[in-house]
Amino acid sequence: MTDAETTPRTGKRVLLANPRGYCAGVDRAVQTVEEALKLYGAPIYVRKQIVHNKHVVRTLEAQGAIFVEENEEVPEGATVIFSAHGVAPEVYEQAEQRSLRAIDATCPLVTKVHHEARRFAAQDYDILLIGHEGHEEVIGTAGEAPAHIQLVDGPDGVDKVTVRDPEKVVWLSQTTLSVDETLETVARLKKRLPLLQSPPSDDICYATSNRQHVVKEIAPECDVVIVVGSRNSSNSVRLVEVALDAGARAGHLVDFAHEIEDAWLTGARTVGVTSGASVPDELVQQVLAHLAERGFGDVEEITTADERLTFSLPQELKRAMKAAAAARG
């Protein structure tokens with residue numbers, strides 16, 4: 001029995017999820033923009049939001065990053081960074097045509113899914129990509145083999161699937177999905193397609209899985225779970241859903257502490273707090289301070305995993321940084 005279970009529920013408290021916040025891919029992507037700004041000076045152009053978080057985007061804009069939707073908005077010959085969510089091959093081609101200096105900040109775990117898509121397409125498999133329609137990561141992965149990939153948007157999308165050969169079909173997934181919902185989708189697919197193959201390793205990234213796991217641990221004790229993250233952040237939205245499915249009485253997604261409504265805390269004794277994989281911890285600390293002002297000063301951190309993974313910066317950026325250092329002598 002844990003301390004949390006034996007403590008009488010008389011006072012107000014916060015259960016703080018760990019792991020939470022920045023993952024290795026987000027950390028790498030944000031660092032990529034910061035280092036490019038130091039190396040080349042402002043402006044540096046970034047195609048799409050580097051990561052799905054309002055605060056991070058605003059901070060980088062203040063340093064000289066300009067966020068655009070497409071390569072056409074980048075002046076010829078300028079530097080452009082591709083976001084952590086990955087891009088389709090045609091985006092690289094467009095960058096070449098405009099003589100852009102392209103730096104690829106795609107998360108290596110997304111790149112792994114791209115490699116899988118190309119490999120299975122080369123073997124003429126039908127590829128069922130489990131993910132959310134319109135999400136940047138899905139668009140990028142589907143662009144690797146558009147003739148072979150069809151999207152399955154959750155369990156309800158299974159009935160629409162058609163394949164050429166039920167013996168040559170494999171599923172892949174977006175990296176930021178709900179683990180449980182993805183397993184349900186795969187189970188339904190396997191009922192229809194018993195010979196469906198799985199990817200060689202799990203596509204849902206370690207950080208997404210870890211953040212969902214700890215939320216499942218704390219949710220049953222929570223009157224309300226507050227997830228810090230932006231609405232266009234798939235993994236943040238999933239955390240609210242996971243909290244509710246796991247027994248939290250209520251769940252809310254906020255970008256900033258001031259968005260927390262006092263009505264959410266009325267009658268609450270235990271508040272769970274976590275954050276999506278693109279959220280800097282300073283935003284979580286602001287939420288904890290906000291809650292402390294309202295009587296929730298007792299914070300217990302619940303840890304279910306120790307994350308130590310890091311990714312090195314993109315090769316093209318590392319080479320340029322090394323050359324610049326050599327030139328300075």
Side-chain angles (χ1 to χ4, degrees), residues 1-21 23 52-55 132 154-156 176-185 204 207-305:
M1 190 172 277
T2 65
D3 290 344
E5 289 170 316
T6 55
T7 303
R9 291 183 61 176
T10 52
K12 296 178 178 179
R13 63 174 180 158
V14 173
L15 296 182
L16 178 61
N18 182 32
R20 62 180 181 277
C23 63
H52 286 156
N53 183 265
K54 281 183 187 176
H55 175 77
H132 297 300
D156 294 340
T176 54
L177 299 179
S178 157
V179 175
D180 292 342
E181 185 178 289
T182 302
L183 290 174
E184 184 188 341
T185 305
I204 294 179
T208 298
S209 300
N210 287 348
R211 279 149 192 70
Q212 290 177 16
H213 179 67
V214 67
V215 164
K216 286 181 190 176
E217 289 286 310
I218 67 173
E221 294 189 58
C222 293
D223 299 303
V224 58
V225 170
I226 293 171
V227 177
V228 187
S230 293
R231 298 200 174 280
N232 61 340
S233 165
S234 174
N235 76 88
S236 299
V237 172
R238 300 289 84 73
L239 285 172
V240 178
E241 296 171 355
V242 167
L244 293 170
D245 287 345
R249 261 69 80 201
H252 301 282
L253 182 66
V254 299
D255 265 297
F256 304 103
H258 67 78
E259 296 172 8
I260 297 170
E261 297 180 19
D262 286 343
W264 301 345
L265 307 177
T266 302
R269 286 286 170 199
T270 301
V271 176
V273 174
T274 189
S275 57
S278 49
V279 178
D281 207 52
E282 65 189 275
L283 299 183
V284 175
Q285 297 308 317
Q286 290 166 14
V287 164
L288 295 177
H290 181 96
L291 291 172
E293 288 169 5
R294 284 151 183 81
F296 293 87
D298 178 17
V299 178
E300 181 185 353
E301 189 164 51
I302 307 295
T303 302
T304 56

To the nearest 0.5 Å, tell me how far [X] [atom1] sits from [Y] [atom2].
{"X": "L244", "Y": "L239", "atom1": "CG", "atom2": "CG", "result": "11.0 Å"}
{"X": "E217", "Y": "N18", "atom1": "CD", "atom2": "CG", "result": "12.5 Å"}
{"X": "D180", "Y": "K216", "atom1": "CG", "atom2": "NZ", "result": "3.5 Å"}
{"X": "L183", "Y": "S178", "atom1": "CG", "atom2": "OG", "result": "8.0 Å"}
{"X": "I218", "Y": "I302", "atom1": "CD1", "atom2": "CD1", "result": "7.5 Å"}
{"X": "H213", "Y": "T304", "atom1": "NE2", "atom2": "OG1", "result": "4.5 Å"}

Using the side-chain hydrogen bond (donor to acceptor under 3.5 Å, both in side chains) definition, which of the options N210, D281, T274 pairs with R20?
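Only one option passes, and that is D281.
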Test Q286 against every option in V284, L288, L283 by the side chain to side chain contact (heavy atoms under 4.5 Å, CB included) rule and name the one that passes.
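Between Q286 and the candidates, side chain to side chain contact (heavy atoms under 4.5 Å, CB included) is satisfied uniquely by L283.
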Could you walk me through whether L177 and T208 pass the side-chain contact (heavy atoms from CB on, under 4.5 Å) check?
CA-CA 7 Å; L177 299 179; T208 298; over 6 Å; no
Have N235 and T176 got a donor and an acceptor in their side chains that come within less than 3.5 Å?
no
Is the closest side-chain donor-acceptor distance between S230 and D255 under 3.5 Å?
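A donor-acceptor contact under 3.5 Å links the two side chains.
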For [X] and [Y], work out which heavy atoms get closest and say how close.
{"X": "V225", "Y": "A248", "result": "CG2-CB, 3.7 Å"}
{"X": "L253", "Y": "S236", "result": "CD1-CB, 3.9 Å"}
{"X": "S233", "Y": "H52", "result": "CB-O, 3.5 Å"}
{"X": "V254", "Y": "E259", "result": "CA-OE1, 3.4 Å"}
{"X": "A219", "Y": "A243", "result": "CB-O, 3.4 Å"}

Just checking K54: does its NZ atom have more than 12 heavy atoms from other residues, nucleotides or ligands closer to it than 6.0 angstrom?
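Not buried by this count: 12 neighbours or fewer within 6.0 Å.
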Counting only heavy atoms not in R231, do more than 12 fall under 6.0 Å of its CZ?
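It does not: R231 CZ has 12 such atoms or fewer within range.
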Is any side-chain N of the basic residue among R269 and D223 closer than 4.0 Å to the acidic one's carboxylate O?
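A salt bridge is absent here (no side-chain N lies under 4.0 Å from a carboxylate O).
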With side-chain contact (heavy atoms from CB on, under 4.5 Å) as the criterion, how do R238 and V179 come out once you've worked through the C-alpha distance, each side chain's angles and the decisive distance to 0.1 Å?
CA-CA 9 Å; R238 300 289 84 73; V179 175; over 6 Å; no
Test side-chain contact (heavy atoms from CB on, under 4.5 Å) on L291 and L265 and set out the steps.
CA-CA 9 Å; L291 291 172; L265 307 177; 3.9 Å; yes
What is the ring orientation for H252 with W264, classed by angle as parallel under 30°, tilted 30 to 60°, or perpendicular over 60°?
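Parallel.
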Got a donor-acceptor contact below 3.5 angstrom from the S275 side chain to the V228 backbone?
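Between the backbone of V228 and the side chain of S275 there is no qualifying donor-acceptor contact (under 3.5 Å).
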Checking side-chain contact (heavy atoms from CB on, under 4.5 Å) for the pair L15/R13: CA distance, chi angles, key distance, verdict?
CA-CA 7 Å; L15 296 182; R13 63 174 180 158; 3.8 Å; yes
